[in-house]
Amino acid sequence: MKKGFVRWVVIIHITIITCLGLYIGIVLLIAYINDYKPNNKENITTIPQKSKTAKIITETEFSILSWNIGYCGLGKEQDFFYDGGYQVRPSHEEYQKYINGIFHSISKFDYLDFILLQEVDVNSKRSYYTNQLETLKEALPEMSFSYAKNYDVGFVPIPFFEPMGKVSAGMATWSSFLPKEATRIGFDVNFSWWKRIFMLDRCLILTRYRLNNGKDFVLINIHNSAFDDKNILKPVELNAIKVLMIEEYQKGNFVVAGGDWNQNPPNFKPTMIDKQWNPVAIDQPIPKDLLPSNWKWAFPINIPTERFNDKPFEKGKNKTTTIDFFVASPNVNIHSIETINLEFKFSDHQPVMMTFGIASDSTVVEK
C-alpha cells in the first residue's frame, strides 16, 4: 500500500514536470519561429491627415510634447507585476477611463508643433486589443503621424497563471508639418535570445523637416531600454543616438531628441523635485560626458515625470523620478520646459512640454 502510494506520487510528479517542460519548449519554439525581426533601418509611412502639406518650414519657434502613455493601462489605480506589483492589466472599466483621459488630455495639445508618444498599443491583450492609433487620430485630426513598431510578440507567457499574451505596440511622432522623411532606426543590441523573443525590439523614430534656410530640422523620438540591470543595452543605445545626432549637427542641421530614456538626465538630483513627490534617483544616469558640453539637456524640475509601479499611485507613497526629457544641438535655443501635472491619473508617466527656437545664424563649430 505504501509502495503503491509512493509510486503514484512519483508518476504524478514526473507527469507534471514533463508537461511543464513540454509547455515551456513549445512556447519557446513558437516564439522563436515567429520572432519579430525588423531591419536595422526602415522607412516608415507618414499619414498626413489634415496637417500642413508644405515640406519647407518657415517658422523658427516651436513647441513639443513627449508622453509615454503606458498603453493606456497604467493609471493611478494600477501596479505592474514586472515592477514588483501584482497586476497584469486593468479591468475593462479602468482601461476605458485611462484611454478616455488620455484622449481628452492629448486633444488639448493639438496646437503644438510636435508630439512624441511612446507605448502606443495597436493590438494587445493588455489593452483589450484596441487600436490606440485610431483613438489618437481622432484626438489630433490636424496632425500628421509616423508610427514605428517596437514590440510584436504573439504570446508573452508570464505571469504563469495570467499570461500577458499578445502584444503589438510602438511609438508615434505627430506633427503639424509633413516631414520629408520618417525612419525607424533599430539598435544593434538586445537581450539573450530566450529573453529577446518576448521583449521589445527597441528603436527610435527619426523625422526630418526641411527648413527655409536650406537645412533640416531632425527630430528623434526615444524609448530606450528598461530592465537592463547589468547596464549592457543602455550604453549601446546611447552611443548610437549620440553618433546620429552629432552626424546631423555636423551637416549644419538642427537636432532635438526626446522621449522616455529610462535613465535620469545628466546632472539630475532628486532634490530638484518637490519632496512631497518622494523623489529618487535611479541607477545608471546618462553620463555627463555623453555629448560635448555645448549640447543642451532640457528636463523639468519640481514635478517628476515617472512614478514607480510597485503599487497603485498615492502621492508621497510611491517613489518618483524624471526620465522623460529632451536634448538639443548647440544651434537650438531652449526657451522653456515643464511637466504637465496630471497626478499620474492615466499613465505612469507625465507629459513633458518644451518650447525652443532655431538659431538662424548658427554655425557648426564642432568636429
Working for side-chain hydrogen bond (donor to acceptor under 3.5 Å, both in side chains), residues D113 and S175: CA-CA 6 Å; D113 296 303; S175 174; over 6 Å; no
Applying side chain to side chain contact (heavy atoms under 4.5 Å, CB included), run through I99 and Q132 and close with a yes or a no. CA-CA 8 Å; I99 194 170; Q132 294 172 356; 4.1 Å; yes
When you compare the side chain of I115 with that of M143, does any pair of heavy atoms fall below 4.5 Å? yes
Does one side chain, of T183 or E42, offer a donor that lies under 3.5 Å from an acceptor on the other? no
Assign the ring pair F114 / F62 to parallel, tilted or perpendicular, where the plane angle (0 to 90°) is split at 30° and 60°. tilted
Any luck finding a side-chain donor-acceptor pair between Q350 and N341 under 3.5 Å? yes
side-chain hydrogen bond (donor to acceptor under 3.5 Å, both in side chains) for H349 and Q118? Distances and angles first, verdict last. CA-CA 10 Å; H349 290 252; Q118 303 88 38; over 6 Å; no
Do other residues, nucleotides or ligands put more than 12 heavy atoms under 6.0 Å from the OH atom of Y129? yes
Is the distance between the ring centroids of F81 and Y86 under 6.0 Å? no
Is the count of non-hydrogen atoms from other residues, nucleotides or ligands lying under 6.0 Å from K311 atom NZ greater than 12? yes
Under the side chain to side chain contact (heavy atoms under 4.5 Å, CB included) criterion, do F346 and C72 qualify, and how do the steps go? CA-CA 7 Å; F346 314 120; C72 305; over 6 Å; no
Are the ring centres of Y98 and F103 closer than 6.0 Å? no
Steps toward side chain to side chain contact (heavy atoms under 4.5 Å, CB included) verdict (V256, V327): CA-CA 6 Å; V256 169; V327 63; over 6 Å; no
Between D310 and K319 (salt bridge meaning N to carboxylate O under 4.0 Å), is one present in this structure? no
Could you check I222, I286, T339 and say which one makes a side chain to side chain contact (heavy atoms under 4.5 Å, CB included) with F325? I286
For S124 and Y151, what are the C-alpha separation, side-chain angles and deciding distance, and is it a side-chain hydrogen bond (donor to acceptor under 3.5 Å, both in side chains)? CA-CA 10 Å; S124 304; Y151 203 1; over 6 Å; no
Looking at V280, is its backbone amide N or carbonyl O close enough to the side chain of T321 to form a donor-acceptor pair, meaning the two atoms are under 3.5 Å apart? yes
Are L291 and K242 packed together at the side-chain level, in the sense that at least one heavy-atom pair is separated by less than 4.5 angstrom? yes
So do the side chains of R202 and N262 get within less than 4.5 Å of each other, counting heavy atoms only? yes
A side-chain contact here means heavy atoms from C-beta on lying under 4.5 Å apart; do V255 and V332 qualify? no
Would you please indicate if the ring centroids of F326 and W297 are separated by under 6.0 Å? no
Can T355 and E61 be said to form a side-chain hydrogen bond (donor to acceptor under 3.5 Å, both in side chains), step by step? CA-CA 7 Å; T355 60; E61 303 294 322; over 6 Å; no
Going by an N to O cut-off under 4.0 Å, is there a salt bridge joining R89 and E94? no
Considering residues, nucleotides and ligands other than K166, do more than 12 of their heavy atoms fall under 6.0 Å from its NZ? yes
For Q276, does the CD atom sit with more than 12 other heavy atoms under 6.0 Å from it, leaving out its own atoms? yes
Which residue pairs pass the salt bridge (Lys or Arg N to Asp or Glu O under 4.0 Å) test with at least one member in residues 119-140, sequence neighbours excluded? D121-R126, E134-K137
Closest non-hydrogen atoms of N302 and I273, given as atom of the first, atom of the second and distance, are O-CG2, 3.3 Å
Counting heavy atoms not belonging to K315, are there more than 12 under 6.0 Å from its NZ? yes
Quick one, K76 with D348, criterion salt bridge (Lys or Arg N to Asp or Glu O under 4.0 Å). Give me CA distance, side-chain angles, the key distance, then yes/no. CA-CA 7 Å; K76 67 179 298 182; D348 58 333; over 6 Å; no
Go through E77 and K97 one step at a time and tell me if the salt bridge (Lys or Arg N to Asp or Glu O under 4.0 Å) criterion holds. CA-CA 11 Å; E77 290 82 9; K97 179 172 71 172; 2.9 Å; yes
So D260 and I323, do their side chains get closer than 4.5 Å, heavy atoms only? yes
Any chance the side chains of D152 and S168 put a donor and an acceptor closer than 3.5 Å? no
Do I340 and Y111 land in one hydrophobic cluster if side-chain heavy atoms of ILVMFWY residues count as linked below 4.5 Å? yes
Parallel, tilted or perpendicular for W277 and F313, by the 30°/60° rule? parallel
Taking C-beta and beyond as the side chain, do I358 and K215 meet within less than 4.5 Å on heavy atoms? no
Report whether F217 and I44 are members of the same hydrophobic cluster (ILVMFWY, side-chain heavy atoms less than 4.5 Å apart, transitive linking). no
Quick one: SG on C203 to CD1 on I185, what's the gap to the nearest 0.5 Å? 9.5 Å
Side-chain touch D274/P304, heavy atoms, less than 4.5 angstrom: no
Mind checking whether W67 and S105 have side chains closer than 4.5 Å, heavy atoms only? yes
Given side chain to side chain contact (heavy atoms under 4.5 Å, CB included), test E306 with T320 step by step and report yes or no. CA-CA 6 Å; E306 190 256 358; T320 66; over 6 Å; no
State, without any angle test, whether T207 and S146 hold a side-chain donor-acceptor pair at a distance under 3.5 Å. no
